[in-house]
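Here is the structure we will look at.
None of these values were measured; they are calculated from a predicted model. Values reported hereafter were calculated over all heavy atoms of this structure, with side chains retained and with hydrogens, waters and symmetry mates removed. All ligand and atom numbering here is 1-based and tracks the order in the structure.
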Amino acid sequence: MTSFILAALVAYASATVQDPKVSPRPPMGFNNWARFECNLNETLFVKTADAMAEKGLLAAGYNHINLDDCWSELTRRSTGELHWNATLFPQGLPWLGDYLHTKGFSFGIYTNAGNMSCGLFPGSQDYEEVDAKTFESWGVDYLKVDGCHVDLQKGRSYYEEFEYRYKLWHEVLTTKLKKPFIFSQSAPAYFSPNFHLDLNNTDWYRTMDYVPRSGELARHSDDIKVYGDNPTNVFEPGGHWESMMNNYNMEIRLARYQSCGFYNDPDFLIVDWPDLSLDEKKTHFTLWSSFSAPLILSAYIPDLTKDEVEYLTNKDIIDVDQDALCEQATVVSQDGPIDVLTKNLANGDRLVTILNKGNTTKTATVPLQRLGIDPTATYRAKDLWSGKTTSVCTDFSVKLKTHQTAIYRLSAPKGKNFTVTPTGQIFNTFSLNCLTASSSHHSSASVTFETCDGSDEQVWQISSTGQVSPLSATDTVLGVDGSKIALQKMNKSNTAQKWKYGISGNLVNKDSGLVLEEDTGGKVSVKKAGIELDSQVFALPGGVKLE
Ligand SMILES: *[C@@H]1O[C@H](CO)[C@@H](O)[C@H](O)[C@H]1NC(C)=O
Ligand SMILES: *[C@@H]1O[C@H](CO)[C@@H](O)[C@H](O)[C@H]1NC(C)=O
Ligand SMILES: *[C@@H]1O[C@H](CO)[C@@H](O)[C@H](O)[C@H]1NC(C)=O
Ligand SMILES: *[C@@H]1O[C@H](CO)[C@@H](O)[C@H](O)[C@H]1NC(C)=O
Ligand SMILES: *[C@@H]1O[C@H](CO)[C@@H](O)[C@H](O)[C@H]1NC(C)=O
Ligand SMILES: *[C@@H]1O[C@H](CO)[C@@H](O)[C@H](O)[C@H]1NC(C)=O
Ligand SMILES: *[C@@H]1O[C@H](CO)[C@@H](O)[C@H](O)[C@H]1NC(C)=O
């Protein structure tokens with residue numbers, strides 16, 4: 001069976017960003033893990049489904065109900081198949097699948113790319129096709145494949161075994177089933193910065209490079225911290241708020257990978273956790289929606305409060321999450337406790353999201369120029385939390401309580417459309433330093449990498465032809481002279497002032513083909529491109545893909 005699949009793998013094709021209809025928008029729904037871990041059973045899923053329908057969550061779009069680890073027997077059946085634990089699921093998983101389908105939900109299940117699950121139940125390594133067909137026979141529509149206990153075979157490295165297994169799953173799900181499952185891939189999490197303690201992002205980027213073509217979503221980094229107190233787990237760092245911010249900080253490095261059909265997944269929305277304030281939970285929902293991330297709730301749904309259900313069903317914000325462009329908002333600026341994010345929306349509106357990470361109330365001011373739009377016009381801004389629309393000109397000002405996030409939909413004046421210039425931070429997604437236009441303490445170099453501080457020297461505009469200029473000096477652009485990089489007077493016919501940017505995260509000079517590099521001490525140079533080197537991978541504003 002395996003060798004047959006191997007042959008088929010050569011013709012690695014179809015689905016996902018190639019086939020966005022498998023999941024045209026980021027999935028929304030429920031998973032038991034962060035809230036209940038291995039304490040799952042039929043009653044929990046039945047009550048969850050009933051409550052999701054009754055509380056209006058299903059109608060709001062939360063239509064996937066997914067089982068996580070620990071649902072199976074401890075060993076495979078003698079025929080090689082997996083089987084559910086009949087004590088936990090007395091009527092069986094096909095019955096549960098039917099129950100969910102009848103109510104209007106899809107049915108999701110979980111397995112592992114390795115030979116055991118994280119909870120030490122059987123894994124699917126070398127049983128990919130058998131298990132996919134078993135799940136299909138139970139009515140499954142959605143599959144999460146985690147990455148525990150991957151056994152290295154045929155001399156493959158850890159990275160290579162993961163790549164082999166996830167591409168194999170893709171092949172099985174797209175060629176061996178009547179209809180492909182939505183495929184949630186955990187591969188990148190196993191190479192992410194906190195997990196791989198060798199402090200090298202290369203294999204994380206290389207894994208992210210293939211997952212948009214092998215599945216519909218990818219769990220890219222640490223798990224969100226599970227319910228209850230678990231302070232020692234280094235893979236779920238800090239408390240629950242810190243865990244949320246950790247996953248947010250991973251997500252912002254990866255915007256370039258997302259497009260309709262493939263979604264970066266910063267993990268579950270945690271809802272009914274006593275140590276999170278309502279503002280913190282609303283921040284979670286606002287940020288994930290700004291990213292067009294999957295909205296998968298982990299909570300005891302029957303006991304959700306009216307306030308919790310109300311924020312989770314905010315239609316204006318869900319519309320941002322489910323927007324037809326599927327853009328992930330990118331970072332305009334990070335200035336101490338205040339982060340500003342923005343993105344385009346399908347009807348031509350512009351999204352503005354402002355987060356206060358700090359412990360005190362702050363007033364944030366965002367000049368309209370930083371949103372990449374004409375700063376001399378007047379716009380209508382709808383506050384998606386209050387529902388109120390106001391007029392905005394020159395800049396935006398908002399007072400935010402600790403850990404609160406504001407979200408606005410900005411509309412162009414009547415009869416006009418926005419002309420958007422992608423504008424925001426350019427930062428190294430390994431060092432997290434920001435590209436900075438000349439500042440007095442670096443008189444010898446006109447660009448450096450510095451700690452991000454939200455200054456105009458760190459906010460860059462990117463033209464459609466690939467010119468990159470700082471807001472602090474918009475008549476200058478990043479240009480290359482030999483091997484030296486500097487801010488130069490803009491010259492539209494000089495290709496050494498134009499750049500390309502794509503999934504590699506490299507900023508490639510159109511003239512020399514050399515790439516931007518952050519050297520030690522924050523120095524900047526252009527070098528020959530390596531393969532996803534820590535010093536050469538950057539996040540750019542506006543989800544730009546410049547060819
Ligand atoms: C099912 O799981 C829930 C959540 O862990 C638990 O509270 C409940 O007691 C369990 N019910 C049964 C019948 O095992
Ligand atoms: C099913 O789950 C129960 C409760 O966790 C456990 O005691 C039992 O051993 C499991 N049965 C099988 C066949 O794995
Ligand atoms: C599962 O993988 C582990 C880790 O490589 C290995 O030690 C073990 O022998 C494997 N078990 C089976 C049953 O293949
Ligand atoms: C980072 O990892 C890649 C791939 O494993 C390796 O080629 C490279 O040398 C590593 N870089 C550093 C600085 O360790
Ligand atoms: C907020 O308070 C926490 C806990 O006291 C502290 O660890 C953290 O550094 C503070 N954050 C900021 C941005 O001041
Ligand atoms: C604005 O864009 C929409 C959609 O692309 C288009 O139909 C409309 O004509 C444009 N309006 C103006 C004033 O350019
Ligand atoms: C602009 O760039 C072109 C192409 O490199 C060059 O031929 C021309 O001399 C430049 N113009 C100025 C004013 O520097």
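- Less than 4.0 angstrom separates atom 4 (C) of ligand 7 from at least one non-hydrogen atom of the protein.
- At a heavy-atom distance under 4.0 Å, atoms from both the backbone and the side chain of Asp151 approach ligand 3.
- Atom 7 (O) of ligand 3 lies below 4.0 Å from none of the non-hydrogen atoms of the protein.
- By heavy-atom distance, the residue among Val150, Asn115, Asp126 lying nearest atom 10 (C) of ligand 3 is Asn115.
- Atom 14 (O) of ligand 7 is approached by the protein to below 4.0 angstrom, counting heavy atoms only.
- Each of the atoms 1 (C), 2 (O), 3 (C), 4 (C) of ligand 7 lies under 4.0 Å from some heavy atom of Ser493.
- Of all the listed residues (Leu74, Leu88, Leu40, Asn85), Asn85 holds the heavy atom that lies closest to atom 1 (C) of ligand 2.
- Cation-pi geometry between Lys167 and Tyr210 is satisfied (NZ or CZ under 6.0 Å from the ring centre, within 45° of the ring normal).
- Under the 4.5 Å side-chain criterion, counting only non-hydrogen atoms from C-beta, Phe30 is not in contact with Asn66.
- In terms of protein heavy atoms, atom 9 (O) of ligand 7 is closest to Asn491 ND2, 4.8 Å.
- By the 3.5 Å distance cut-off applied to N or O atoms, His149 is not counted among the residues near ligand 3.
- In this structure, Arg35 fails the cation-pi test against Tyr300, since its NZ or CZ atom is not both closer than 6.0 Å to the six-membered ring centre and inside 45 degrees of the ring normal.
- Counting non-hydrogen atoms of neighbouring residues, nucleotides and ligands closer than 6.0 angstrom, the NZ atom of Lys527 exceeds 12 such neighbours.
- Tyr164 carries Arg156 over the face of its six-membered ring, with the cationic atom under 6.0 Å from the centre and within 45° of the normal.
- In this structure a side-chain-to-backbone donor-acceptor pair under 3.5 Å is missing from Asp265 to Pro294.
- Between Phe162 and Phe191, the ring-plane angle classifies as perpendicular under the 30° and 60° cut-offs.
- Counting atoms of ligand 2 from 1 in the listed order, those under 4.0 Å from a heavy atom of Glu73 are 13 (C), 14 (O).
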